[in-house]
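To start, the structure itself, in structure tokens.
Numbering of ligands and ligand atoms starts at 1, following listing order.
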Amino acid sequence: MDRRHFLSAAAFAGLSGCAHRAKVAVATPNPLPGLMPVRAETDRIFRTTVCLRPFRAAGPRLEVERVGDKTVVHNYGHGGSGWSLSWGSSSIAVERAMAVGEREVAVLGCGALGLTSAILLQRAGAKVTIYAKDRPPEVRSSRATGSWTPDSRVALTNAVSPDFPALWERMCRYSFHTYETYLGLAGNPVEWKDMYDLTDGEQEGPKQQDAGLAFARYRDRVRDLTPRRRELPPGSHPFPVKSASLTSTLTFNIASYSRQLVNDFLVEGGKIERVEFQSPSELVQIGQKVIINATGYGARALWRDESIVPVRGQIAWLIPQPEVNYGLMYGGVLMLPRRDGIVVQAMGIGEMEGYNDASEAPDRAAAEAAVGVIAGLYARMKR
Ligand SMILES: Cc1cc2nc3c(=O)[nH]c(=O)nc-3n(C[C@H](O)[C@H](O)[C@H](O)COP(=O)(O)OP(=O)(O)OC[C@H]3O[C@@H](n4cnc5c(N)ncnc54)[C@H](O)[C@@H]3O)c2cc1C
């Protein structure tokens with residue numbers, strides 16, 4: 001057994017470095033040849049986070065509005081797609097902001113949309129100040145899963161304008177190609193990960209259980225960007241399930257990625273000011289005449305925009321295992337190994353899970369239950 005498989009076996013058996021116990025580990029074959037097991041133990045949950053997706057039935061708001069002598073370009077309401085669409089959505093907001101002709105521009109918000117707006121404004125030649133209540137890692141964006149999910153809860157099919165699908169595609173392609181430029185950098189802000197979809201039979205698939213709302217699905221428009229999902233024949237994979245498929249997805253290691261974005265912005269002379277606005281009328285305090293509003297879920301209160309519906313999502317974070325280089329979906333639970341922690345997220349009833357739930361209180365029992373599902377999968381492999 002080579003060192004890699006020895007370590008794998010030891011980790012899978014949950015053993016310490018003690019010589020006697022290590023001998024036992026040697027005798028335990030790695031049930032996942034080539035894949036390292038996740039230590040899905042509830043005492044390895046080091047935090048549980050909750051985030052609210054800023055969902056709008058009509059899709060993200062990108063309109064231009066006058067507030068007194070200010071021009072406000074909105075860039076909020078990206079549901080479960082905010083990281084994925086950020087560069088493309090912000091490129092449109094920046095075009096609209098720069099069209100006003102001012103060279104000093106303000107950005108409200110320091111999450112995925114605010115940071116990408118600010119950086120693209122700088123690249124377009126503007127001098128930029130970000131005004132925000134929170135910055136990473138406090139922002140809601142820092143509590144996202146970190147996957148390429150460009151049409152997750154982005155709109156309802158019957159509520160969008162006829163040109164929205166094409167606009168979405170434009171945002172999606174622009175973002176994807178920008179993310180390519182963050183691959184291979186120190187700290188791995190962005191990387192590709194293999195993802196297995198494992199099912200025990202017909203019962204799986206929260207998608208089938210979605211009831212009520214017709215969430216928009218546009219992935220077929222950008223099929224060429226990512227690898228196709230392949231069914232894996234029985235015996236060709238190590239998992240004890242009825243069916244398995246494999247694809248690869250972009251993963252955002254949000255701790256290092258958002259730090260990189262903040263640093264890139266500051267290095268180019270950007271400024272960040274901590275401030276909370278209670279109403280649009282307070283924007284007179286800002287010197288700049290052009291403002292990109294990237295306040296995310298915060299726009300609901302600030303802009304009195306009740307078209308924003310909160311869609312709650314919770315993640316249990318397991319201690320990172322750099323040796324685990326694949327993710328999986330099993331029993332309605334997603335496991336995604338990031339550099340800053342292993343994401344374990346119950347997908348529940350699919351897109352409707354957490355719909356209109358504004359509670360940001362973590363639910364420890366639900367976190368442990370999700371980890372238990374993943375533990376159950378690995379336990380079956382040990383038998
Ligand atoms: C559980 C979960 C998992 C997710 N996973 C993914 C994923 O894998 N991929 C993906 O693409 N998307 C994902 N999302 C969606 C993504 O997180 C959001 O779409 C995105 O974070 C929205 O970013 P934002 O910049 O608009 O908002 P935020 O990150 O909320 O940033 C808003 C900014 O505005 C500031 N602000 C707000 N109000 C005010 C105010 N009144 N005054 C001053 N400042 C203010 C805040 O302080 C903050 O700086 C997920 C969401 C959840 C909940």
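A donor-acceptor contact shorter than 3.5 Å is absent between the side chain of Glu102 and the backbone of Gln288.
Ligand 1 is never approached by Glu138 to a heavy-atom distance shorter than 4.0 Å. Under the 4.0 angstrom criterion for non-hydrogen atoms, Leu108 is not in contact with ligand 1. A heavy-atom separation below 4.0 Å is not found between Thr49 and ligand 1. Not a single heavy atom of Tyr76 sits less than 4.0 Å from an atom of ligand 1.
Looking at residues two or more places apart in sequence or on another chain, you find no ring-ring contact (aromatic ring centres under 6.0 Å, His included) involving Tyr131. In this view, Asp363 satisfies the salt bridge (Lys or Arg N to Asp or Glu O under 4.0 Å) rule with no residue, not counting sequence neighbours.
Rounding to the nearest 0.5 Å gives a distance of 4.5 Å between CD1 of Ile272 and CD1 of Ile130.
Between Ser279 and Ser281, the side chains place a donor N or O and an acceptor N or O closer than 3.5 Å (distance only, hydrogens not considered). A donor-acceptor contact under 3.5 angstrom links the side chains of Ser89 and Asn75, judged on distance only. Side-chain polar atoms of Arg230 and Ser245 form no donor-acceptor pair below 3.5 angstrom. Residues Asn293 and Thr295 bring a donor and an acceptor atom of their side chains to less than 3.5 Å of each other.
Proximity to Gly296 (heavy-atom distance under 4.0 Å) selects the following atoms of ligand 1: 26 (O), 27 (O). Which parts of ligand 1 touch Gly146 is read off a 4.0 Å heavy-atom cut-off, strictly below it: atoms 7 (C), 8 (O).
The heavy atom nearest to atom 53 (C) of ligand 1, considering only Pro60, Gly111, Cys51, is found in Cys51. Of the listed options Ile130, Asp151, Asp134, Asp134 places a heavy atom closest to atom 47 (O) of ligand 1. Compare Val139, Val50, Thr145 by their heavy atoms: the one nearest to atom 5 (N) of ligand 1 is in Thr145.
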Criterion salt bridge (charged side-chain N to carboxylate O under 4.0 Å, His left out) on Asp224 and Arg173, from CA distance to verdict: CA-CA 10 Å; Asp224 55 302; Arg173 288 185 183 279; 2.9 Å; yes
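A salt bridge does not link Asp340 to Arg259: none of the charged side-chain nitrogens sits closer than 4.0 Å to a carboxylate oxygen.
Annotation: atom 8 (O) of ligand 1 to nearest protein heavy atom, Ser147 N, 2.8 Å. Among protein heavy atoms, the minimum distance from atom 13 (C) of ligand 1 is reached at Gly80 O, 3.3 Å. For atom 20 (C) of ligand 1, the closest non-hydrogen atom on the protein side is Ser141 OG, 3.6 Å.
At a 4.0 Å heavy-atom cut-off, ligand 1 touches Ser81 through the backbone alone. Residue-level proximity to ligand 1 for Gln345 is carried by the side chain, the only part with a heavy atom below 4.0 angstrom. At a 4.0 Å heavy-atom cut-off, ligand 1 does not touch Ser142 at all.
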